[in-house]
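Worksheet: one structure, shown below.
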Amino acid sequence: MDNCIFCKIIEQEIPSYKIYEDEAVYAFLDISQVTPGHTLIVPKKHVTDIFSYDEELASQVFARVPKIARALEAAFPDMQGLNIVNNNKELAYQSVFHSHVHLIPRFDQEDDFSIHFSNNFERYTTEELTEIAAKIAKQVK
Ligand code: 5GP
Ligand code: ZN
């Protein structure tokens, strides 16, 4: 797609630090290197975000994630963990609108990545949670 930075990287019009490539995906270092080895896996097909994937594309892209995760683990013996992040739409911190999966190696509690999960369980009744689950479940197609 014109004017898409990741399409240009895939097409080698813009340089990147390539890690892996096959018919479906391209993996390369994220320029920000939140932690050392921070890698992006992108589908070669331009799709904006997760809402545009069909099952075939999803199986191609997400099947490659463990392969690159293991490569990071082998490359960084001091790696203690790995966060896999996929941001969708601006509110959720997506800034490049060609879908991508971040693989962020973790080294210690003071490395430069953080994520916060609140626990709001007590704000809900059993009935409300049942209703929320049913509302979502009936939309699964
Ligand atoms: P998002 O915020 O959309 O989840 O992530 C986009 C990521 O793309 C950011 O982490 C940013 O550092 C990375 N990025 C943006 N432009 C470039 C670029 O030209 N080359 C590389 N390698 N990464 C980029
Ligand atoms: Zn693109």
Side-chain angles (χ1 to χ4, degrees), residues 1-126 128-141:
M1 192 197 215
D2 289 350
N3 260 339
C4 170
I5 194 143
F6 287 176
C7 283
K8 287 182 179 158
I9 285 174
I10 293 162
E11 295 299 324
Q12 318 286 322
E13 290 170 27
I14 291 177
S16 67
Y17 296 94
K18 182 169 104 173
I19 285 166
Y20 175 79
E21 177 177 20
D22 62 26
E23 73 287 356
V25 305
Y26 191 88
F28 58 105
L29 290 183
D30 188 301
I31 205 68
S32 69
Q33 290 297 282
V34 169
T35 64
H38 176 191
T39 294
L40 300 174
I41 304 178
V42 306
K44 284 192 167 173
K45 179 180 174 188
H46 180 96
V47 288
T48 306
D49 54 35
I50 197 72
F51 306 106
S52 303
Y53 280 64
D54 59 21
E55 287 200 3
E56 189 190 358
L57 186 65
S59 66
Q60 289 173 332
V61 173
F62 291 100
R64 270 60 167 194
V65 173
K67 187 194 289 285
I68 306 302
R70 285 190 292 268
L72 287 164
E73 190 179 44
F76 294 96
D78 54 341
M79 189 177 117
Q80 303 292 320
L82 179 73
N83 286 100
I84 297 169
V85 178
N86 169 234
N87 298 327
N88 295 280
K89 301 197 185 285
E90 208 170 337
L91 182 75
Y93 309 123
Q94 186 175 7
S95 61
V96 175
F97 295 92
H98 178 135
S99 179
H100 49 279
V101 179
H102 294 259
L103 280 72
I104 305 169
R106 302 301 307 281
F107 298 94
D108 56 57
Q109 290 186 345
E110 274 75 51
D111 65 22
D112 220 7
F113 179 81
S114 66
I115 192 164
H116 173 75
F117 284 94
S118 299
N119 184 346
N120 295 316
F121 175 73
E122 288 181 356
R123 291 192 193 171
Y124 294 89
T125 62
T126 304
E128 284 170 330
L129 292 172
T130 303
E131 200 179 307
I132 291 167
K135 182 166 81 171
I136 302 165
K138 83 174 183 205
Q139 297 296 339
V140 176
K141 293 174 177 120

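Both counts, for ligands and for their atoms, begin at 1 and track the order of listing. These numbers come from the heavy atoms of this one structure, side chains and all, not from hydrogens, waters or symmetry mates.
- When all heavy atoms are compared, the tightest approach of D112 to V34 is CB-O, 3.3 Å.
- At a cut-off of 3.5 Å, with distance as the only test, a side-chain donor of Y26 or S16 sits close to an acceptor on the other residue.
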Does ligand 1 have any N/O atom under 3.5 Å from a protein N/O, and what are those pairs and their distances?
from: ligand 1; atom 1: 2 (O); to: Y93; atom 2: O; distance (Å): 2.8
from: ligand 1; atom 1: 2 (O); to: S95; atom 2: N; distance (Å): 3.3
from: ligand 1; atom 1: 2 (O); to: S95; atom 2: OG; distance (Å): 2.8
from: ligand 1; atom 1: 3 (O); to: S95; atom 2: N; distance (Å): 2.6
from: ligand 1; atom 1: 3 (O); to: S95; atom 2: OG; distance (Å): 3.3
from: ligand 1; atom 1: 3 (O); to: V96; atom 2: N; distance (Å): 3.0
from: ligand 1; atom 1: 3 (O); to: H100; atom 2: NE2; distance (Å): 3.0
from: ligand 1; atom 1: 4 (O); to: N87; atom 2: ND2; distance (Å): 2.8
from: ligand 1; atom 1: 4 (O); to: H100; atom 2: NE2; distance (Å): 3.0
from: ligand 1; atom 1: 4 (O); to: H102; atom 2: NE2; distance (Å): 2.8
from: ligand 1; atom 1: 5 (O); to: H100; atom 2: NE2; distance (Å): 3.0
from: ligand 1; atom 1: 5 (O); to: H102; atom 2: NE2; distance (Å): 3.2
from: ligand 1; atom 1: 10 (O); to: D30; atom 2: OD1; distance (Å): 3.2
from: ligand 1; atom 1: 10 (O); to: D30; atom 2: OD2; distance (Å): 2.5
from: ligand 1; atom 1: 12 (O); to: D30; atom 2: OD1; distance (Å): 2.6
from: ligand 1; atom 1: 12 (O); to: S32; atom 2: OG; distance (Å): 3.4
from: ligand 1; atom 1: 22 (N); to: L29; atom 2: O; distance (Å): 2.9
from: ligand 1; atom 1: 22 (N); to: I31; atom 2: N; distance (Å): 3.4
from: ligand 1; atom 1: 23 (N); to: I31; atom 2: N; distance (Å): 3.3

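- Partner F28 forms a side chain to side chain contact (heavy atoms under 4.5 Å, CB included) with one of I10, T39, L40 and no other, that one being L40.
- Side-chain polar atoms of N120 and S118 form no donor-acceptor pair below 3.5 angstrom.
- By the 4.5 Å heavy-atom criterion applied to side chains, I104 and H102 are counted as neighbours.
- A side chain to side chain contact (heavy atoms under 4.5 Å, CB included) with V47 is found for exactly one of V42, D54, V61, L57, namely L57.
- With salt bridges taken as basic N to acidic carboxylate O contacts below 4.0 Å, none links E128 and K135.
- Checked options E21, E11, E23; the residue passing with K44 is E21 (criterion: side chain to side chain donor-acceptor pair (under 3.5 Å)).
- Inside a sphere of radius 2.8 Å centred on the Zn ion (ligand 2), the protein N/O/S atoms present are C4 SG, C7 SG, H46 ND1, H98 ND1.
- H100 and F6 get closest at one heavy-atom pair: ND1-CE1, 3.5 Å.
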